[in-house]
Amino acid sequence: MTTGADGRGLAGFAALLADPTRAGFCLALLDGRAWTAGELARAAGVAASTASDHLTRLVAGGLLAEERQGRHRYIRLADPGVAQLVEELAARAPTPATPPRTLRAASEGAALAYARTCYDHLAGRLGVLLHDALLTRGVLDRSGGLALTGTGVTWLAGLGVPVEPLRATRRPLVRDCLDWTERRPHLAGAVGAALCGRFLDLGWTVRGTGRAIRVTPAGRDALAETLGLDPALLAPPASRGSGPARA
DNA sequence: GTCGCCAGCCACACCGCATA
DNA sequence: TATGCGGTGTGGCTGGCGAC
């Protein structure tokens, strides 16, 4: 990430994202995984040489990081700050005028709006519901800025997420991250990432296609019991019969 | 309207690595 | 060692945009 940039530097940095192909790469990489250059090229629908050129620019600009293993070039977002930047820019972007053209595209959009990963934490309807429930239950408090409470430390320990190792990292423990589908904050930071991983470990959630996350029946029961979340709100989009707030 | 510049894209050739 | 595959670099084409 670049700090203290002058106008020219800021314009150059913004120009990195002002291209549909490069922006598409960054959105794809929000799933937190490392992609090969070829995978990103196919996902964006451009030639490998085109993708290679764009990726070189994004890496040089500090938005992406690369790791070469043999003949593969693995690409990921440079850091969680980049993920937050991309997610918030997406949240402020105008809604596309054209609705999804195919049933598959509509289903994928609905799945992402329902629950997905935002780099390494939960986003979408699930992420926002979780964020709100944690505030209601006193796990989080925002009277002086978003913070983890003593009750929250105990609750996390009960869930199998010790907080002390998280404090040792340089990341903020808890942080708001503006959700681009719900237009409301979901939980990011070290605790957000730890909860996302713990839910997967416990089998409360499973990874779907791409960035999509699904809540399992056991997960719905557990989230209802531990956080008071309404299981009806956690039902997958198909069974609720309503489309996404935004495709 | 024309010209020049720039950015994005692709086809192609080439290189390096993994595998049979 | 030969072959196939993933990734890179280069050259050319195209479209957008500003200057004249």
Side-chain angles (χ1 to χ4, degrees), chain A residues 1-109 111-113 116-121 123 177-181 193 196-197 200 206-214 244 246-247:
Chain A
M1 294 284 285
T2 304
T3 57
D6 59 9
R8 192 176 298 271
L10 177 58
F13 185 75
L16 287 173
L17 283 172
D19 174 84
T21 301
R22 290 196 290 271
F25 287 167
C26 291
L27 286 173
L29 290 164
L30 276 180
D31 69 355
R33 293 184 300 136
W35 292 50
T36 66
E39 287 172 337
L40 286 169
R42 285 188 289 274
V46 297
S49 56
T50 300
S52 178
D53 183 44
H54 284 306
L55 291 172
T56 297
R57 293 191 211 187
L58 289 166
V59 169
L63 280 169
L64 305 183
E66 67 176 7
E67 184 176 343
R68 294 176 188 265
Q69 288 185 13
R71 63 184 177 187
H72 293 285
R73 181 191 191 190
Y74 288 95
I75 306 289
R76 58 177 170 77
L77 293 177
D79 55 63
V82 174
Q84 182 191 3
L85 175 68
V86 173
E87 182 85 4
E88 293 197 1
L89 283 174
R92 294 173 191 278
T95 304
T98 54
R101 295 184 193 176
T102 65
L103 179 62
R104 179 175 179 177
S107 298
E108 289 176 351
L112 287 178
R116 65 181 181 278
T117 53
C118 172
Y119 191 57
D120 60 2
H121 54 270
C177 180
L178 184 61
D179 194 284
W180 65 265
T181 47
C196 179
L200 287 167
V206 293
R207 289 192 181 276
T209 306
R211 298 166 58 196
I213 291 286
R214 287 186 290 113
R246 174 194 157 159

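Just so it is clear: chains get the letters A, B, ... in the order the sequence lines come, proteins before strands, and each one is counted from 1.
- A distance of 8.0 Å separates OG1 in A:Thr117 from CG in A:Leu30, rounded to the nearest 0.5 Å.
- Note that CD of A:Glu87 and SG of A:Cys118 are 3.5 Å apart. Values are rounded to the nearest 0.5 Å.
- In this structure, A:Leu40 places its CG atom 15 Å from C1' of C:dT8, rounding to the nearest Å.
- For A:Arg57, no side-chain nitrogen or oxygen approaches OP1 or OP2 of B:dA7 to under 4.0 Å.
- Rounded to the nearest 0.5 angstrom, A:Asp31 CG and A:Tyr119 OH are separated by 10.5 Å.
- Between A:Thr21 and B:dG8 there is no side-chain polar atom (N or O) within less than 4.0 angstrom of OP1 or OP2.
- With rounding to whole Å, A:Asp19 atom CG is found 17 Å from C:dG15 atom P.
- Taking 4.0 angstrom as the limit, A:His54 places none of its side-chain polar atoms (N or O) nearer than this to OP1 or OP2 of B:dA7.
- For the pair A:Glu39 CD and C:dG6 C1', the computed distance is 11 Å after rounding to whole Å.
- Taking side-chain N and O atoms only, A:Thr50 has no distance below 4.0 Å to OP1 or OP2 of B:dC9.
- Taking atom CD on A:Glu66 and atom C1' on C:dG6, their separation rounds to 14 Å, with Å as the unit.
- In this structure, the CH2 atom of A:Trp35 is 15 Å from the P atom of C:dG6, given to the nearest Å.
- Using a 4.0 Å heavy-atom distance criterion, A:Asp53 is classed as making no nucleic acid contact.
- For C:dT8, the OP1/OP2 oxygens have a side-chain nitrogen or oxygen of A:Arg73 closer than 4.0 Å.
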Steps toward side-chain contact (heavy atoms from CB on, under 4.5 Å) verdict (A:Leu17, A:Leu89): CA-CA 10 Å; A:Leu17 283 172; A:Leu89 283 174; 3.6 Å; yes

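- Taking atom CD1 of residue A:Ile75 and atom P of nucleotide C:dG6, one finds them 16 Å apart after rounding to whole Å.
- Note on A:Arg42: nothing from the nucleic acid sits closer than 4.0 angstrom, heavy atoms only.
- When the C1' atom of B:dC17 is taken as reference, atom CD of A:Glu67 falls 16 Å away, rounded to whole Å.
- Atom CD in A:Glu66 sits 10.0 Å away from atom CZ in A:Arg76 (nearest 0.5 Å).
- At C:dG7, one or more side-chain N or O atoms of A:Thr36 fall inside 4.0 Å of OP1 or OP2 (strictly under the cut-off).
- You'll find that the side chain of A:Val46 is closest to B:dC9, out of C:dT8, B:dC9, B:dA11.
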